[in-house]
Protein chains: 2
Amino acid sequence: MKIGDKMPNNQEQFKDLLRTNGLKVTYQRIAILEVLSNRPGEHLTAEEIYDLVKAEYPDIGLATVYRTIQLLSDLNLIDKLNLDDGYVRYEIGRKNREECHHHHHLICLECGNIYAFQDDLLENLEERIKETLGFEVEDHEVKLYGHCKECINEKA
Amino acid sequence: MKIGDKMPNNQEQFKDLLRTNGLKVTYQRIAILEVLSNRPGEHLTAEEIYDLVKAEYPDIGLATVYRTIQLLSDLNLIDKLNLDDGYVRYEIGRKNREECHHHHHLICLECGNIYAFQDDLLENLEERIKETLGFEVEDHEVKLYGHCKECINEKA
DNA sequence: CTTAGTGCAAAGCTTTTGCACTGCA
DNA sequence: TGCAGTGCAAAAGCTTTGCACTAAG
């Protein structure tokens, strides 16, 4: 992967966003966003992102990856996912992809694969919570653990 | 708090459970479960549990707290909660308390308080997922972030 | 030029592990 | 008495930070 190979439009938007926020456009920042952009739906750890970027830009440092991840997260360009396995994972943000605005995770306990799915069901729930408890929901994180189709079939 | 002050019945059940599993009954294990039992709905870190137990049993070691937490979790007596603040938290398990079998968390972004609520809504969702995706849900974790009643009122 | 951003290495943090000792059964 | 359980300290492993250097604007 080389900068500019894919999503040039998205990339320009990113550069503008950086400039708008008084931040500098660096190849490290672009490369990291690019790596994540080219892998929608994948959930990468900092180390994995580091390795992927390093393949193209061997000079990058792990600390920069961590700092950039933080930055991208603050800019709402990427989403965090914690699977309680000791790593924090990141994926390119929902808001940049057409399909989904409500997006949850199905985690297979056998193969470890992660599936995404959309659902509006929680909107009812959030309204109900507002009425019952006076709690105003702003964001949510839903993780469903179980057994995926493939693993179920394999056992049969 | 002293061993035996509260929930003696629950405590006997715990001792039996340990024996049944070929595990030894130690004052450390009882004290840790006791601390959590006396604080239903609170979400304590290992360090917090350590400090609470230490008040009564100054000899206890932090490593024992970690090992016992693991044990209690394996025995399904306590539930894990990760708020992504660098600590893993624990609370006395749902299965030991009458009220709830479906139990989610409302986390206030302003005061940090955590509220629990029950809901069966997800059962529909799980059925739908099974039908649509063939994914069999076994467990779920739902965290809703927002603003609690108190914090909303305070601003008014 | 100016200073935000970077790379490197060291430090920080929670959590885990090794090992000798203790105490439950 | 025998071995699971414990306490202590050290190790582990992810993430953050300090600092001198680099490069964006």
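In what follows, every chain begins at residue 1, and chains take the letters A, B, ... in the order their sequences are listed. Scope of the values below: all heavy atoms of this structure, side chains included, with no hydrogens, waters or symmetry mates.
- Atom CG of A:L62 and atom P of C:dA10 are 15 Å apart (whole Å).
- With sequence neighbours left out, A:K149 forms a side-chain contact (heavy atoms from CB on, under 4.5 Å) with A:N153.
- A donor-acceptor distance shorter than 3.5 angstrom exists from the side chain of A:R29 to the backbone of A:K24, with no hydrogens or angles considered.
- Between the CD atom of B:Q28 and the P atom of C:dG23 there is a distance of 9 Å, rounded to whole Å.
- A:N82 places a side-chain N or O within donor-acceptor distance of the main-chain N or O of A:D84, the cut-off being under 3.5 Å.
- In this structure, A:I60 and B:V25 both approach DNA chain C, and ranking their closest nucleotides by distance from the 5' end singles out A:I60.
- Each of C:dT15, C:dG23, C:dA4 was ranked by its minimum atom distance to the side chain of B:K24; first place goes to C:dG23.
- Taking the 5' to 3' direction, DNA chain D first and last meets chain A under 4.0 angstrom from a heavy atom at D:dC14 to D:dG25.
- The hydrophobic clustering, which links ILVMFWY residues whose side-chain heavy atoms are closer than 4.5 Å, places B:I152 and B:F117 apart.
- Considering only side-chain N and O atoms, A:T26 lies nowhere under 4.0 angstrom from the phosphate OP1 or OP2 of C:dA4.
- With sequence neighbours left out, A:D85 forms a side chain to side chain donor-acceptor pair (under 3.5 Å) with A:R89.
- If you take CG of A:D84 and C1' of C:dT14, they are 14 Å apart, rounded to a whole angstrom.
- Using modelled atom types, no side-chain atom of A:E127 and backbone atom of A:N124 make a donor-acceptor pair closer than 3.5 Å.
- Over its length, the helix from C:dC1-D:dG25 to C:dA25-D:dT1 turns its helix axis by 30°, as judged from the five terminal pairs at each end, rounded to 10°.
- Rounded to an integer number of Å, the gap from CG of A:N21 to C1' of C:dA4 is 14 Å.
- Considering only residues two or more places apart in sequence or on other chains, A:Y50 meets the side chain to side chain donor-acceptor pair (under 3.5 Å) condition with A:K54.
- Following rounding to the nearest Å, B:I49 (CD1) and C:dT14 (P) show an atom-to-atom distance of 14 Å.
- In this structure, B:N82 places its CG atom 12 Å from C1' of C:dT14, rounding to the nearest Å.
- For B:Y145, the OH atom counts as densely surrounded, since its 6.0 Å shell holds more than 12 non-hydrogen atoms of other residues, nucleotides or ligands.
- Tested against B:E91 for a side-chain contact (heavy atoms from CB on, under 4.5 Å), the candidates B:E42, B:K80, B:H105 yield a single pass: B:H105.
- Ion pairing between B:K155 and B:E110 holds under the 4.0 Å rule for side-chain N and carboxylate O.
- In this structure, A:L23 places its CG atom 16 Å from P of C:dT3, rounding to the nearest Å.
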*Would A:E126 and A:H140 count as a side chain to side chain donor-acceptor pair (under 3.5 Å) if you check the C-alpha gap in whole Å, the side-chain angles of each, and the deciding distance to 0.1 Å?*
CA-CA 10 Å; A:E126 292 180 4; A:H140 55 243; 2.7 Å; yes

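- Within residues 63-72 of chain A, the residues approached by DNA chain C to less than 4.0 Å at the level of any non-hydrogen atom are A:A63, A:T64, A:R67, in residue-number order.
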